[in-house]
Amino acid sequence: MNVQPLISIVVPVYNVKQFLTKCLNSIISQTYSNLEIIVVDDGSTDGSATICDDYAKKDKRISVIHKENGGLASARNAGIDVAKGTYIGFVDSDDYIEPYMYEKLLQAILKYSCNIAVCGINYVFDDGEVIAKANIEPEQFFEFPRAIEEMNTFRLFDMGAWSKLYRRELFADIRFPVGKLSEDFFIMYRLFDLAQGVAYVPDACYNYFQRANSITKSKKINHDFLDAAYEQMVFLDKNYPNLAVIGHVSYASAALTVYDSYLKNKVQCPGFFRNHCREIILDNRSYIRNASYLSRFKKIQFRLFTLNVLLYDKVFLLYRKKKRV
């Protein structure tokens, strides 16, 4: 008789009362039933904590941790600290998952004898629109070089922690950085390094809800994204010189992305930071030229930015205006 391995699912919760029931229902309804569901109430004040406790009474697989508010990374770390499963996954409490998600991810891990599996996702919007990032390629296993490239190009998957299943031992010495945005980016390349590969499941198993007032949609400029890209670049330079182009181009791309967020949010970008971004791109232009996986449009973005920041502002504001029409 085969014993099904235990999967620990960590669900950080903070003031998501209107989404929480759908999220928890999607987890307890998984076709794979040997689950440990760790719900971490991160100091909610809107009644979410009561919903967590009510679900724990209804399903013995659910345990609830109540803690002072410390942010997403702190809540996930609290769950990791007590997880007992052979494998561990993360579901954000304003999202929901398809019934077969963890069954498919575990099957892929066992099939390829690997330590991480990632699935396709659906972007779900407030107006009900759903855009899938899935079924782009068939199921397969990506060794570390290809996996790190895919993560940084956002083509099949990215650095989001929630669309993946991990062998728990990968987190023995790794935790999410508390107090940082883009906390997933700070650790994902390290997890991929330990795993040395990722199994890709093309099905859209994770439903990533794009609510307008989420952290990723707020007008707070995320400079941590640039810091995470820098740390990844240094890591790859030191440990995988043959992958340096990925780290350097990702760092340059992060500079462009963070600067672009000033434009999108109509926030004045400090001149020193704009110049800093320009210097990053100039310093890495040889890598950009040699990055065969970069699209022509992306290379034009880099070129316009380095040639003339004001031209970049005008061209891409016009581009976005035209795109909205």
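Bear in mind the structure is a predicted one, so any value in this text is a computation, not a measurement.
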* Lys/Arg N to Asp/Glu carboxylate O, Lys67 vs Asp41, below 4.0 Å -> no
* **All pairs passing side chain to side chain donor-acceptor pair (under 3.5 Å) where residues 20-29 contributes a residue, at least two apart** => Asn25-Tyr55
* Asked: Would you call the rings of Phe90 and Phe176 parallel, tilted or perpendicular if under 30° counts as parallel and over 60° as perpendicular?
  -> perpendicular
* Asked: Between Tyr166 and Phe171, what is the ring plane arrangement, given parallel below 30°, perpendicular above 60°, and tilted in between?
  -> perpendicular
* Asked: How are the rings of Tyr123 and Tyr208 set to each other: parallel, tilted or perpendicular (split at 30° and 60°)?
  -> tilted
* Less than 4.0 Å between a side-chain N and a carboxylate O, is that true for Arg155 and Glu137? -> yes
* Judged by modelled atom types alone, do His248 and Asp283 share a side-chain donor-acceptor pair under 3.5 Å? -> no
* Asked: So does Lys111 pair up with Glu139, basic N to acidic O under 4.0 Å?
  -> yes
* Asked: Between Asp260 and Lys264, is there a side-chain N and carboxylate O pair less than 4.0 Å apart?
  -> yes
* Pair His66, Asp53: side-chain N/O donor-acceptor within cut-off below 3.5 Å -> yes
* Asked: Is a salt bridge present between Asp92 and Arg76, judged by a nitrogen-to-oxygen distance below 4.0 Å?
  -> yes
* Return the orientation label for the Phe141 and Tyr112 ring planes: parallel under 30°, perpendicular over 60°, tilted otherwise. => parallel
* **Backbone N/O of Gly70 and side chain of Asp42: donor-acceptor pair under 3.5 Å** => yes
* With respect to Tyr206, which candidate in Tyr96, Trp162, Phe157 satisfies the ring-ring contact (aromatic ring centres under 6.0 Å, His included) definition? -> Trp162
* To do: On the 0 to 90° scale, with breaks at 30° and 60°, tag the Tyr262-Tyr259 ring pair as parallel, tilted or perpendicular.
  => tilted
* Ring centers of Tyr251, Tyr230 separated by less than 6.0 Å -> yes
* Can you list the residues that meet the salt bridge (charged side-chain N to carboxylate O under 4.0 Å, His left out) rule with Arg168, with sequence neighbours excluded? -> none
* Asked: Hey, does the Lys NZ or Arg CZ of Lys299 hover above the aromatic six-ring of Phe302, less than 6.0 Å from the centre and inside 45° of the axis?
  -> no
* Does the ring pair (Phe, Tyr, Trp, His ring centres under 6.0 Å) test come out yes or no for Tyr240 and Phe144, once each step is laid out? -> CA-CA 10 Å; Tyr240 299 94; Phe144 179 76; 4.6 Å; yes
